[in-house]
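Here the structure is laid out as structure tokens; the discussion comes afterwards.
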There are 2 protein chains.
Amino acid sequence: MGQTAVRTLRADAERSVRVILEAAERVLAEDPGASMEQIAATAGVARTTIHRRFANRQALIEALASSAARQLAQAVDDGRPDTAPPLVAMHRITANVLQVKGAWAFALELPTEPGSEAAVLQQHIARRCITVLERARADKLIDEAADLDWVRRVYYALLRESLQDDPAGADPDALAARVIDTLLQGAGPRA
Amino acid sequence: MGQTAVRTLRADAERSVRVILEAAERVLAEDPGASMEQIAATAGVARTTIHRRFANRQALIEALASSAARQLAQAVDDGRPDTAPPLVAMHRITANVLQVKGAWAFALELPTEPGSEAAVLQQHIARRCITVLERARADKLIDEAADLDWVRRVYYALLRESLQDDPAGADPDALAARVIDTLLQGAGPRA
DNA sequence: GTGAACTGCAACAGGTCTGATGCGGATATG
DNA sequence: CATATCCGCATCAGACCTGTTGCAGTTCAC
């Protein structure tokens, strides 16, 4: 809980926070041990400005994780996981998530502190994911005996792998299609 | 190339190198930014001893990566990827690799310097992997139209995911079976 | 337009880490 | 057993990073 909006920030201050978080993502993704100075330089901001907004390094990182997790949760909910047909929801969610994860890869791989906002959001997302998988199973898209927790982990792993080489390369819909296809059919011969 | 065995080390020195590398793996896995002091303490060795064997932090890490990569290459070759029936080879290799990757998870996830020994070994391993997949495809275990490079990456991702929760928990053969099954069939309904 | 909020700059203190050195004592090896 | 090798310990200098403070100048917001 770095600084839970004690009072509404002025417009320029809000902008500072945004550019700092974006810079932190870029810099830390390349070198997780990078200094505040490097983050500040990338953000085009003085180091002291960072310390004014974030009490310390950890607070900055927690804010980064929370911010990214909120965007990810939004991306999932936008796919209407509870109402859309399972296969459609899976596709839409996958494409959305790939976009967000591509932009916030470091922040979203961060280990979450048990009680933190990021952790709560991640759990919420995981539940949504399980829900969709259950609906897919009910539609015979997934084997009845499948361990959905394992399926969900495989799904996460496929998402991660998809983003490894294509930072912003291919069409997100094409990547999403490959992920879903691999998840449901594997590499074996098609029917 | 930290110190490419200029001269054969004395038996106790060789042992020191081993315990240092093992400690480095354990400590850095938990905190990649851990200090040499912490590694030394875990190894039960003075910090100066580490500096005597490894010129600097980077040399230690490269040695760690090389050592782990050698063991991994051995684990792959032990599965007879060129001669055993593809499915058998895949099983054996997967079980072997899970063992080694479980013990050297940090070292094997390290980004490899382009020309380094570790990089060369990783490429060798990747080629072996592709070879096995080609043989599996020839046996109709894998779809004819499949992109084997993608299949290999999915395979790697499944291995990684398998090791996430079970540090040394379940039977490696059971984990291997699940990995292969998921790779070839995905989560969809069984035939 | 006025005041509060925000920023950059400079400087400081405190801490941690690295890599090096020298020495006395222990240990392996032939 | 003789000696080259190895280790632990104490110590050092240098570098880097963090978090803080004060001030002067700019910018938003009412």
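In what follows, chains are A, B, ... by sequence order, proteins preceding strands, each numbered from 1.
Two residues, B:L9 and A:V17, neighbour DNA chain C, and the one matched to the more 5' nucleotide by heavy-atom proximity is A:V17.
Rounded to whole angstrom, the span from the CZ atom of B:R57 across to the C1' atom of C:dT16 amounts to 13 Å. Taking atom CG of A:N56 as the reference point, atom P of D:dT20 lies 8 Å away to the nearest angstrom. Atom pair A:I50:CD1 and C:dC6:C1' shows a separation of 15 Å (rounding to whole Å applied). Across the protein-nucleic acid pair, A:H51 atom NE2 and C:dA11 atom P stand 19 Å apart, rounded to whole Å. For the pair B:R15 CZ and C:dT27 C1', the computed distance is 13 Å after rounding to whole Å. Rounded to whole Å, the distance from CG on A:L60 to P on D:dT18 is 10 Å. The nearest whole Å value for the distance from the CD1 atom in B:I61 to the P atom in C:dT18 is 10 Å.
Distance from the side chain of B:A11 is smallest for C:dT29 among the nucleotides D:dC7, C:dT29, D:dT18.
Within the 4.0 Å cut-off from OP1 or OP2 of C:dT7, not a single side-chain nitrogen or oxygen of A:T49 is found. Look at B:R53 and you'll find a side-chain N or O under 4.0 angstrom from OP1 or OP2 of D:dC7. At the phosphate of D:dC7, OP1 or OP2 sits under 4.0 Å from a side-chain N or O atom of B:S16.
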Pairs under 3.5 angstrom, nitrogen or oxygen only, protein versus nucleotides 23-27 of chain D, please.
unit_1 : atom_1 : unit_2 : atom_2 : d
D:dT27 : O2     : A:R10  : NH1    : 3.2
D:dT27 : O2     : A:R10  : NH2    : 2.9

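The structure places SG of A:C129 at 11.5 Å from CD of A:Q122, a figure rounded to the nearest 0.5 Å. In this structure, CG in B:L108 is found 7.5 Å from CD1 in B:I125, a value given to the nearest 0.5 Å. Atom CG of A:D149 and atom CD1 of A:I130 lie 5.0 Å apart (nearest 0.5 Å).
Two residues are said to be in side-chain contact when any heavy atoms from C-beta on lie closer than 4.5 Å; A:I142 and A:L133 meet this criterion. Residues A:V132 and A:Y155 form no side-chain contact, since every pair of their non-hydrogen atoms from C-beta on lies 4.5 Å or further apart. For the pair B:E161/A:R160, a side-chain contact is recorded, criterion being any heavy-atom separation below 4.5 Å from C-beta on. Taking 4.5 Å as the limit, some side-chain heavy atom of B:L21 sits within range of a side-chain heavy atom of B:L60. Side-chain contact check for A:M90 versus A:L183: some heavy-atom pair is nearer than 4.5 Å.
Looking at B:R47, its side chain has no donor and acceptor atom pair within 3.5 Å of the base of D:dG8.
In this structure, A:R152 is positioned above the aromatic face of A:Y156, its NZ or CZ under 6.0 Å from the six-membered ring centre and within 45° of the axis.
DNA chain C lies under 4.0 Å from at least one heavy atom of each of the following residues of residues 22-43 of chain B: B:S35, B:M36.
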